[in-house]
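Structure, as structure tokens:
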There are 4 protein chains.
Amino acid sequence: MLKDKDQREKILDAAFEVFGSKGYHDAKMIEIAKKAGISKGTIYLYFPSKEDLYIAMNDRSFAYFLWNAKQEADRCITFRQKLYSIARHHLYFFYHTRKYPDSFWQAPLQMPEMMNRLHQFFNDYHNLVAKLMEEEGLEEATLHSKAFCSMLNGYRMDIISNPEIDEKDIEMFATFTVGLFLEGCY
Amino acid sequence: MLKDKDQREKILDAAFEVFGSKGYHDAKMIEIAKKAGISKGTIYLYFPSKEDLYIAMNDRSFAYFLWNAKQEADRCITFRQKLYSIARHHLYFFYHTRKYPDSFWQAPLQMPEMMNRLHQFFNDYHNLVAKLMEEEGLEEATLHSKAFCSMLNGYRMDIISNPEIDEKDIEMFATFTVGLFLEGCY
Amino acid sequence: MLKDKDQREKILDAAFEVFGSKGYHDAKMIEIAKKAGISKGTIYLYFPSKEDLYIAMNDRSFAYFLWNAKQEADRCITFRQKLYSIARHHLYFFYHTRKYPDSFWQAPLQMPEMMNRLHQFFNDYHNLVAKLMEEEGLEEATLHSKAFCSMLNGYRMDIISNPEIDEKDIEMFATFTVGLFLEGCY
Amino acid sequence: MLKDKDQREKILDAAFEVFGSKGYHDAKMIEIAKKAGISKGTIYLYFPSKEDLYIAMNDRSFAYFLWNAKQEADRCITFRQKLYSIARHHLYFFYHTRKYPDSFWQAPLQMPEMMNRLHQFFNDYHNLVAKLMEEEGLEEATLHSKAFCSMLNGYRMDIISNPEIDEKDIEMFATFTVGLFLEGCY
DNA sequence: CATGAATGAGGTTTCATTCAT
DNA sequence: AATGAATGAAACCTCATTCAT
């Protein structure tokens, strides 16, 4: 039982790496199997298809992301601190998974189920952030949360493709974004 | 001579529609050919491979997007108006191409040439916006331009997948984004 | 383990027949698969490409030919007998594979690896014969061995395309060739 | 009229080069057209198909080869001189066309018409040589002529692939072959 | 549970040939 | 006569999935 859990997780870990670094179409089941240290057939004991594996892998990542974002934010007291924790969490996530640029934030069209999950995830994330804003009394919390998250998303490609970006840059991006959000550009 | 031009454009138009609605991998050359009203082989008279066609199609879109963005901004006088024109152009582009959600703003990894073009495009776009900001005397124009464009990008998925969004919403998104950028969230 | 060996051999057998009777370019992978009683994809489990299969098939034939030629020659005592055994082996090989005229003795240009193997094979064969001649004290063994083998090769097209040629003719060709080689034309 | 003749010849010349250096299957009509300085379509005004062009090209080569061989032999007086002239002509032909190794002496199976022509050519050539031998009173002239020509053919691959072989080697090969034929190996 | 050999549908690309100009 | 744009059949190869062991 625990063994099963381990197998499933091992496969999801491998899937994260392979899907993440190659993209859905260029990822091969055999490579995921090899990376998981098992055989191709075994994957099908745990996941009915490549697509299902892809979705399961993303689901796990989504849950993990949201859970962590919430944890971090809950530790903070002031609104500014909360925004800052969201920003840091978001950007560090990009930073730590920068070797797997395809693992997040985009999905193949022609995979409606995955699109739904992705929408749901964005929804959940935006709601999480919107709630923080509502608690602060901010109007139009939904629009504001989307704008805030979108600014963070904008750093994704830079973080992925510019190897010179380091943790100091990440901190700066977070500070800048929170400042712009709270006070505007001037 | 004109004929050639026409054929090439016809193919690029069809490529835009098919790549845009299916994504690179799920797009089939035969479908592009049919949509262009020609035969499969003819595509290869104008483009050496599927990948080259994809890149050429994107290049055309990039140039078109940048040219229009500049046109619109140049017609404006105040800084706020310029930002607003950028925002409207950006969001209306999403709106008018919402049937082709894969035609823009993302590219398959494993296609380094395309990634380079995409980076270049973002660079050009951000520079265009940064220049407007520099003219206004805004500090850290690069960071600000990225943040501004990122907020606009954030509406992409909504515009694509929510069929209830209409031109009034677009205008509202633009107004909101410019306001947030200039004055902050309060 | 034995199964694998069998599959590989089955594929090589089928390749010998199809390449041999159609030539490299007119041979189709699907036909080789059908003849081997397997599916197209299975061939690619054992050989990475059509070209590799072609080369492997030829390699096997080369080794087989040389091994047999040596076996037969080693059983003989006198020089004349040895020459005669070489001639018979050579001509009977043509005779027994006459249904597969393209399987031997020629290779597509534009396939450098195959050309190398073919050269190597001719080299090995000529050396084998040259050695017999050296043991006899014949001068210019290399030139003589090439001339001898070339005369035998000359019967190839006759044997392949003239269905009236039978084993009696083969014996006669061998006798004639050895005689001409040893004593000249008078 | 003369113009036509020129076009046809130009195409045959180009075909000789391209078929000869690439082989039938790897030769492209477009390349032949370019080499002839005309357009693809024009070839089809003079030859109904690639196959027909290939056959016509070979036919011309065959006729040329035979005509020259006869010319050279007729100039000679003694039997040995005649054999020697045949040998030199044969080997120099290989030597001078060594850049076009596929232009002669082999044909794709699956092209019965071409196979027939090739047989006919060998027949004619062997008869030409056999006649010389008959005039000398040699018995079994047919067998002897085949053996003689086959020995010459044996140098083909060497001449084609060994760039160090020069005219001195050719002369030596001719001398050696005639000697072996007349006196045997000792 | 686990394996990995086998399958076969499906897509990109090539190129001889045609035909309107 | 000459062109070259257009055609479309055909073939190699890939890889998700199955299933006997």
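Numbered from 1 within each chain, the chains take letters A, B, ... in sequence-line order. Computed over heavy atoms, backbone and side chain alike; hydrogens, waters and symmetry mates excluded.
- A donor N or O paired with an acceptor N or O is not found under 3.5 Å between the base of dT3(F) and the side-chain atoms of Lys40(D).
- Comparing Ile38(B) and Met29(A) by the nucleotide of DNA chain F that holds the closest heavy atom to each, the one mapping nearer the 5' end is Ile38(B).
- Between the side chain of Ser49(D) and the backbone N or O of Asp52(D), at least one donor-acceptor pair lies under 3.5 Å.
- Close to dA6(E), at under 4.0 Å from its OP1 or OP2, lies a side-chain N or O of Gln7(C).
- Between the base of dG4(E) and the side chain of Lys34(A) there is no donor-acceptor pair shorter than 3.5 Å.
- Rounded to whole angstrom, the span from the CZ atom of Phe47(D) across to the P atom of dT18(E) amounts to 16 Å.
- In this structure, Lys10(B) fails the cation-pi test against Tyr46(B), since its NZ or CZ atom is not both closer than 6.0 Å to the six-membered ring centre and inside 45 degrees of the ring normal.
- Here Lys50(A) reaches the OP1 or OP2 of dA16(F): one of its side-chain N or O atoms lies under 4.0 Å away.
- Within the 4.0 angstrom heavy-atom criterion, only backbone atoms of the sugar-phosphate kind lie near Ala27(A); the bases stay farther away.
- Here the P atom of nucleotide dA6(E) and the CD1 atom of Ile11(C) are 8 Å apart, to the nearest Å.
- Regarding Glu51(C), its CD atom lies at a distance of 18 Å from the P atom of dA11(F), rounded to whole Å.
- Taking only side-chain nitrogens and oxygens, Tyr46(B) comes nearer than 4.0 Å to OP1 or OP2 of dA6(F).
- Here dT14(E) presents its C1' atom at 15 Å from CD of Glu31(D), a figure rounded to the nearest Å.
- Along DNA chain E, the nucleotide nearest Gly37(A) and the nucleotide nearest Thr42(B) are compared for position; the residue whose nucleotide lies closer to the 5' end is Gly37(A).
- With both pairing distances under 3.5 Å, dA1(F) is matched to nothing as a Watson-Crick or G-U wobble pair.
- When Watson-Crick and G-U wobble pairs are counted only if both distances are under 3.5 Å, dG10(E) pairs with dC13(F).
- Going from atom CG of Leu45(B) over to atom C1' of dA16(E) covers 13 Å, rounded to whole Å.
- For the pair Tyr44(C) OH and dA5(E) P, the interatomic distance rounds to 18 Å; values are reported in whole Å.
- We find that CZ of Arg8(A) is positioned 12 Å from P of dC1(E), with the value rounded to whole Å.
- Shortest non-hydrogen contact noted between Ala107(B) and Tyr54(B) is CA-OH, 4.1 Å.
- Taking atom CD1 of Ile43(B) as the reference point, atom P of dG11(E) lies 14 Å away to the nearest angstrom.
- In this structure, dT7(F) forms a base pair with dA16(E), meeting either the Watson-Crick or the G-U wobble geometry with both donor-acceptor distances under 3.5 Å.
- Distances from the side chain of Lys28(C) to the nucleotides dG11(E), dA11(F), dA2(F) place dA11(F) closest.
- Seen from the ring of Phe19(A), Lys50(A) does not count as a face-on cation partner, given the 6.0 Å and 45° thresholds.
- A salt bridge does not link Asp13(B) to Arg8(B): none of the charged side-chain nitrogens sits closer than 4.0 Å to a carboxylate oxygen.
- Both Ser39(C) and Ile30(B) lie near DNA chain E, and the one whose nearest nucleotide falls closer to the 5' end is Ser39(C).
- Between the side chains of Gln120(C) and Asn116(C), no donor-acceptor pair of N or O atoms lies under 3.5 Å.
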